[in-house]
Protein chains: 2
Amino acid sequence: MVNSTTSLLTTARTKLEEYLLKKGLRRSLERFAILEEVYSRDDHFDAEDLYQAMHQRSFAVSRATVYNTLDVLVDCGLVRKNQFGDEDNTKSRFEKGLGRQQHAHLICVNCHRVIEFCDPRLQLIKTTVGDTMQFQVESHSLVFYGECADEECVARTKAATASASSNSMA
Amino acid sequence: MVNSTTSLLTTARTKLEEYLLKKGLRRSLERFAILEEVYSRDDHFDAEDLYQAMHQRSFAVSRATVYNTLDVLVDCGLVRKNQFGDEDNTKSRFEKGLGRQQHAHLICVNCHRVIEFCDPRLQLIKTTVGDTMQFQVESHSLVFYGECADEECVARTKAATASASSNSMA
DNA sequence: GTATGTGCAAAATCTTTGCAACTGT
DNA sequence: ACAGTTGCAAAGATTTTGCACATAC
């Protein structure tokens, strides 16, 4: 059996190549190197994370290239761009686009952890809404905000809440 | 029958008052004036829109106050803060928080129009996920991205696509 | 060889913050 | 009176852009 991460990257590389050719864009080393970095990760990273990772990987690219390439990868569906409204308003968080259909996110409002889940009913809603509203749905973003059950997070939050309430009493 | 917009504002004002008292915050004129402006609108506005509207309404407040007050209103559930990842990454768009339970948004990737809809299955997903993942869900954000059926938008997009494809052929 | 892409730093945009003046309690 | 709020402008943070150099085609 083939390593699934590797085969995913292979598929992604092929897709990127096709996309670039179709659009008449150049197959620069940077674009493939960034794609490789993206597909080596399993988290939700921001542009700066990727920039730093590329430098540690000793394939130094500029921030401009990171942003440019992420745009290209989002455009061809190889990367998903998320705007979780939890911690930092202004920055986007990215993730692999392949191999994770109709998934959604849970965000802990306390520790900002990102948890993924799938629910087939999401697909049903998408279909219904597209039909009812005459809207050609291309993609979606479903995020639930709340409190996770992680022990450490719960303990830290409890402590913070306690001190906050004693503040407001002062 | 009572005007529903007015009664919504009345309810909102009461809720804000209760919240401010509970938190020991001041009931400043600015906060209530901004709440009134928010509840007089039915769109998805950004902080700058609100700032401009307050000035035209001849109740000039600073941007800092707009941001501060929006935070307060979001915190007490009277305003919803959205981060639609369509046009502008960096800015949030706000809307009334009262009188629109479990609603979601459709965003046209071409004209950036915002359409609202409701689907009871969203609530079902929320419950299931909360139980399955041991996650205390507090709020959600569901956005579908796609192409709307508005004539003008379709025509404009068709024209833009045609010129873009002729570009790539050049 | 030429048009595209990259790198750097400066610009642009949204949002937050420091400090003085003001105001609700 | 006093602590919380406001206003202003300056700082912060992320993302975009202009121009010179490099490179894929």
Side-chain angles (χ1 to χ4, degrees), chain A residues 16-35 37 44-52 54-55 58-76 79 81-94 164 167-170, chain B residues 16-35 44-52 54-55 58-75 79 81-94 164 167-170:
Chain A
L16 177 55
E17 202 140 328
E18 288 169 357
Y19 175 84
L20 294 175
L21 282 170
K22 192 184 72 186
K23 289 274 188 174
L25 299 172
R26 290 188 185 168
R27 286 167 289 169
S28 68
L29 290 178
E30 287 83 356
R31 284 174 177 160
F32 287 93
I34 289 175
L35 181 72
E37 173 61 29
H44 298 75
F45 54 91
D46 61 38
E48 185 66 19
D49 292 334
L50 187 52
Y51 172 79
Q52 297 297 342
M54 293 304 291
H55 280 250
S58 66
F59 194 111
V61 294
S62 70
R63 285 189 182 78
T65 300
V66 169
Y67 282 102
N68 167 32
T69 302
L70 281 173
D71 274 353
V72 170
L73 296 177
V74 167
D75 209 57
C76 62
V79 166
K81 182 176 191 170
N82 303 293
Q83 307 225 223
F84 303 138
D86 61 327
E87 187 170 18
D88 203 317
N89 276 317
T90 64
K91 82 180 158 200
S92 302
R93 276 187 271 175
F94 304 87
N167 277 340
S168 79
M169 299 215 184
Chain B
L16 177 55
E17 202 140 328
E18 286 169 358
Y19 174 84
L20 294 175
L21 281 170
K22 190 183 72 185
K23 290 274 185 174
L25 299 172
R26 290 189 185 167
R27 287 167 287 170
S28 69
L29 291 177
E30 288 83 355
R31 286 175 175 158
F32 287 94
I34 289 175
L35 181 72
H44 298 74
F45 54 91
D46 61 38
E48 185 66 18
D49 293 334
L50 187 52
Y51 172 80
Q52 296 298 342
M54 293 304 290
H55 279 250
S58 65
F59 196 110
V61 293
S62 71
R63 286 190 182 78
T65 300
V66 168
Y67 282 102
N68 166 32
T69 303
L70 282 173
D71 273 354
V72 170
L73 296 177
V74 167
D75 209 57
V79 166
K81 182 176 191 169
N82 302 293
Q83 308 223 227
F84 302 138
D86 61 326
E87 188 170 18
D88 202 318
N89 276 318
T90 62
K91 81 179 157 201
S92 302
R93 276 187 271 174
F94 303 87
N167 277 340
S168 78
M169 298 217 182

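Chain letters run A, B, ... following the sequence lines, proteins first, then strands; residues in each count from 1. Heavy atoms only: backbone and side chains are in, while hydrogens, waters and symmetry mates are out. Please read these numbers as outputs of a predicted model, since none were measured by experiment.
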I need the minimum non-hydrogen distance between A/R93 and A/H44, along with the two atoms involved.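 It is CD-O, 3.6 Å.
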
So does B/N68 get a side-chain nitrogen or oxygen closer than 4.0 Å to the phosphate oxygens (OP1/OP2) of D/dT6? yes

d([atom1], [X]; [atom2], [N]) in whole Å:
X: B/E30; N: C/dC22; atom1: CD; atom2: P; answer: 13 Å
X: B/F59; N: D/dG7; atom1: CZ; atom2: C1'; answer: 13 Å
X: B/Q52; N: C/dT13; atom1: CD; atom2: C1'; answer: 15 Å
X: A/L20; N: C/dT6; atom1: CG; atom2: C1'; answer: 15 Å
X: B/Y51; N: D/dG7; atom1: OH; atom2: C1'; answer: 10 Å
X: B/F32; N: C/dT23; atom1: CZ; atom2: P; answer: 17 Å
X: B/F84; N: C/dC14; atom1: CZ; atom2: P; answer: 16 Å
X: A/L16; N: C/dG5; atom1: CG; atom2: C1'; answer: 14 Å

Residues in side-chain hydrogen bond (donor to acceptor under 3.5 Å, both in side chains) with [X], at least two apart?
X: B/T65; value: B/S62
X: B/E18; value: none
X: B/R26; value: none

Positive for side chain to side chain contact (heavy atoms under 4.5 Å, CB included) with B/T69, one of B/L50, B/I34, B/L16: B/I34

Taking ring-ring contact (aromatic ring centres under 6.0 Å, His included) as the definition, give me every residue that meets it alongside B/F94, ordered by chain and number, with sequence neighbours left out. none

Does the pair A/V66 and A/E48 meet the rule for a side-chain contact (heavy atoms from CB on, under 4.5 Å), with working shown? CA-CA 9 Å; A/V66 169; A/E48 185 66 19; over 6 Å; no

Its contact letters, B for base, S for sugar-phosphate only and - for none at protein heavy atoms under 4.0 Å, make nucleotides 12-25 of chain D read --SBBB-----BBS

So, do B/V72 and B/K23 sit near enough that their side-chain heavy atoms are less than 4.5 Å apart?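 Not touching, per the 4.5 Å side-chain cut-off.
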
Side-chain contact test, heavy atoms from C-beta onward, threshold under 4.5 Å: evaluate it for A/F84 versus B/Q83 and give yes or no.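 A side-chain contact under 4.5 Å is absent here.
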
Bend across the helix from C/dG1-D/dC25 to C/dT25-D/dA1, to 10°, with axes taken over 5 pairs at each end? 40°

